[in-house]
Q: 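For reference, the structure I am asking about is given below.
In what follows, every chain begins at residue 1, and chains take the letters A, B, ... in the order their sequences are listed.
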Protein chains: 2
Amino acid sequence: MLIEVDFNSEEALYVQLRNQIILGIATSDIQEGDALPSVRQLADTIGINMHTVNKAYTVLKREGYIQLDRRKGAVIALDLDKLQALEDMENHLRILLAAGSCKGITRDEVHALVDEIYSEYEHL
Amino acid sequence: MLIEVDFNSEEALYVQLRNQIILGIATSDIQEGDALPSVRQLADTIGINMHTVNKAYTVLKREGYIQLDRRKGAVIALDLDKLQALEDMENHLRILLAAGSCKGITRDEVHALVDEIYSEYEHL
DNA sequence: TTTTATGTTATACTCACCATATAACAGAAA
DNA sequence: TTTCTGTTATATGGTGAGTATAACATAAAA
């Protein structure tokens with residue numbers, strides 16, 4: 001799996017890593033049981049510090065996306081706390097949709113966007 | 001319009017202000033042409049520094065939600081750059097939906113959430 | 001005119017977070 | 001034993017958040 005980082009982005013590096021790995025899981029680019037590169041290896045590949053990768057992995061572990069195994073490394077292991085996920089999504093959507101609504105984005109247009117994006121996550 | 005702030009939140013105070021004002025516009029709590037409190041007045045009301053409110057207003061101005069008038073103060077004035085808004089929403093949704101998809105949230109459940117939230121923005 | 005309130009700008013300070021650097025440890029694989 | 005792993009600790013430079021104080025030009029109200 002290819003992981004890239006934008007050093008000019010306002011977003012923290014470890015957040016970019018976290019997001020890209022979540023995207024990789026959603027698009028089935030990496031799957032349950034697959035191992036991610038070691039913190040030192042990934043850090044060396046993209047040219048950043050080991051601790052930055054470690055922080056991304058720690059966040060992903062806390063959020064229930066991976067488990068850290070001393071033998072296998074960081075392994076994709078999804079913790080399906082769906083209620084929590086729904087609550088998180090609702091909180092984020094409430095702000096995001098409010099901003100869109102102010103800008104004239106209709107409910108139907110949001111539905112179309114959701115369909116378009118979700119179709120990227122279902123081409124099994 | 002009631003504006004509250006959570007000092008224990010991880011989110012920056014000026015971001016909380018920005019979000020609440022956008023929510024206020026979306027729910028028609030405040031409307032085009034309405035004036036927001038002055039930076040000093042709002043800062044005094046919620047017990048924070050003037051510059052923090054000023055930063056929120058500056059962001060809202062840059063994002064096209066208000067215009068700052070020396071006579072009327074901060075006035076709601078929507079700049080409908082819909083293309084930019086759609087692009088922003090798509091970028092945010094791509095991450096948000098990926099996380100949800102990993103957690104087992106279906107496309108239909110997202111649609112239901114969108115409908116539920118949008119209905120709060122349309123009870124004119 | 002004087003007073004008051006406005007947005008705006010400048011500077012400086014504390015605090016927290018980000019990213020880095022170096023180092024060390026215990027456990028497991030080669 | 002050697003090597004690699006995750007993990008932890010400590011320190012440093014940089015950046016942004018929030019506050020504090022101050023000053024300015026403008027415009028409304030007295």
Side-chain angles (χ1 to χ4, degrees), chain A residues 1 3-22 30 33-79 95, chain B residues 1 3-22 30 33-79 95:
Chain A
M1 177 190 180
I3 295 183
E4 287 179 335
V5 162
D6 178 12
F7 288 95
N8 295 327
S9 170
E10 302 170 355
E11 226 162 16
L13 294 179
Y14 81 93
V15 175
Q16 293 186 46
L17 290 180
R18 176 250 185 206
N19 288 343
Q20 291 212 27
I21 291 171
I22 289 179
I30 41 179
D34 286 354
L36 295 170
S38 75
V39 288
R40 289 175 175 83
Q41 187 178 336
L42 182 54
D44 195 57
T45 300
I46 57 187
I48 62 176
N49 191 273
M50 178 200 69
H51 293 92
T52 306
V53 179
N54 188 260
K55 186 163 188 177
Y57 282 8
T58 302
V59 170
L60 286 168
K61 180 185 177 186
R62 176 167 49 80
E63 295 181 336
Y65 291 99
I66 66 177
Q67 277 186 352
L68 299 179
D69 189 317
R70 198 178 293 271
R71 292 166 299 179
K72 308 177 191 169
V75 178
I76 307 297
L78 295 176
D79 177 18
I95 304 296
Chain B
M1 178 190 177
I3 295 182
E4 287 178 336
V5 162
D6 178 10
F7 289 95
N8 296 326
S9 170
E10 302 170 356
E11 224 163 17
L13 293 179
Y14 81 93
V15 175
Q16 293 186 44
L17 289 182
R18 176 249 184 206
N19 288 344
Q20 292 213 26
I21 291 170
I22 289 180
I30 41 178
D34 286 352
L36 295 171
S38 75
V39 287
R40 290 175 175 83
Q41 187 178 336
L42 182 54
D44 194 58
T45 300
I46 56 186
I48 62 176
N49 191 275
M50 177 199 73
H51 293 92
T52 306
V53 178
N54 188 259
K55 188 165 186 175
Y57 282 9
T58 303
V59 170
L60 285 167
K61 179 185 177 185
R62 176 168 48 80
E63 294 180 338
Y65 291 98
I66 66 177
Q67 277 187 353
L68 299 179
D69 190 318
R70 197 178 293 272
R71 292 166 299 179
K72 306 178 193 170
V75 177
I76 308 296
L78 296 176
D79 177 17
I95 304 295

Q: Whole-Å distance between D:dG16 C1' and A:Glu11 CD?
A: 16 Å
Q: Compare every heavy atom of B:Arg18 with every heavy atom of B:Ala56, then report the nearest pair and how far apart it is.
A: CB-N, 4.3 Å
Q: Tell me: CG of A:Leu68 to P of C:dG27, nearest whole Å?
A: 17 Å
Q: What is the distance from atom CG of B:Leu60 to atom CD1 of B:Ile76, rounded to the nearest 0.5 Å?
A: 7.5 Å
Q: Please report the closest heavy-atom contact between B:Met1 and B:Ile30, naming both atoms and the distance.
A: SD-CD1, 3.5 Å
Q: Between P on D:dT15 and CG on A:Leu13, what's the gap in Å once rounded to a whole number?
A: 14 Å
Q: Quick check: closest heavy atoms across A:Asn8 and A:Asp6, and the distance to 0.1 Å?
A: N-OD1, 2.9 Å
Q: With a 4.0 Å cutoff (strictly under), does any side-chain N or O of A:Ser38 reach OP1 or OP2 of D:dT5?
A: yes
Q: Would you indicate whether the side-chain heavy atoms of B:Asn19 and B:Glu11 approach each other to under 4.5 Å?
A: yes
Q: Does B:Thr58 reach the side chain of B:Tyr14, with side-chain heavy atoms less than 4.5 Å apart?
A: no
Q: Looking at DNA chain D, which of residues 41-53 of chain B put a heavy atom within less than 4.0 Å of it?
A: B:Ile48, B:Asn49, B:Met50, B:His51, B:Thr52
Q: Can you tell me the distance, in whole Å, between the CG atom of B:Asn8 and the P atom of D:dG18?
A: 13 Å
Q: Any donor-acceptor pair under 3.5 Å between the side chain of B:Arg40 and the base of C:dT4?
A: no
Q: Give a yes/no answer on whether the side chain of A:Tyr14 brings an N or O atom under 4.0 Å of OP1 or OP2 in C:dA19.
A: no
Q: Does anything in residues 54-67 of chain A reach DNA chain C, meaning a heavy atom under 4.0 Å, and if so which residues?
A: A:Lys55
Q: Taking all atoms of both residues into account, what is the closest heavy-atom pair of B:Ile3 and B:Gln20, and its distance?
A: CA-OE1, 3.8 Å
Q: Compile the donor-acceptor pairs under 3.5 Å between side chains in residues 38-49 of chain A and protein atoms, sequence neighbours left out, one pair per line.
A:
{"unit_1": "A:Ser38", "atom_1": "OG", "unit_2": "A:Gln41", "atom_2": "N", "d": "3.0"}
{"unit_1": "A:Thr45", "atom_1": "OG1", "unit_2": "A:Gln41", "atom_2": "O", "d": "2.9"}
{"unit_1": "A:Asn49", "atom_1": "OD1", "unit_2": "A:His51", "atom_2": "N", "d": "2.8"}
{"unit_1": "A:Asn49", "atom_1": "OD1", "unit_2": "A:His51", "atom_2": "ND1", "d": "2.9"}

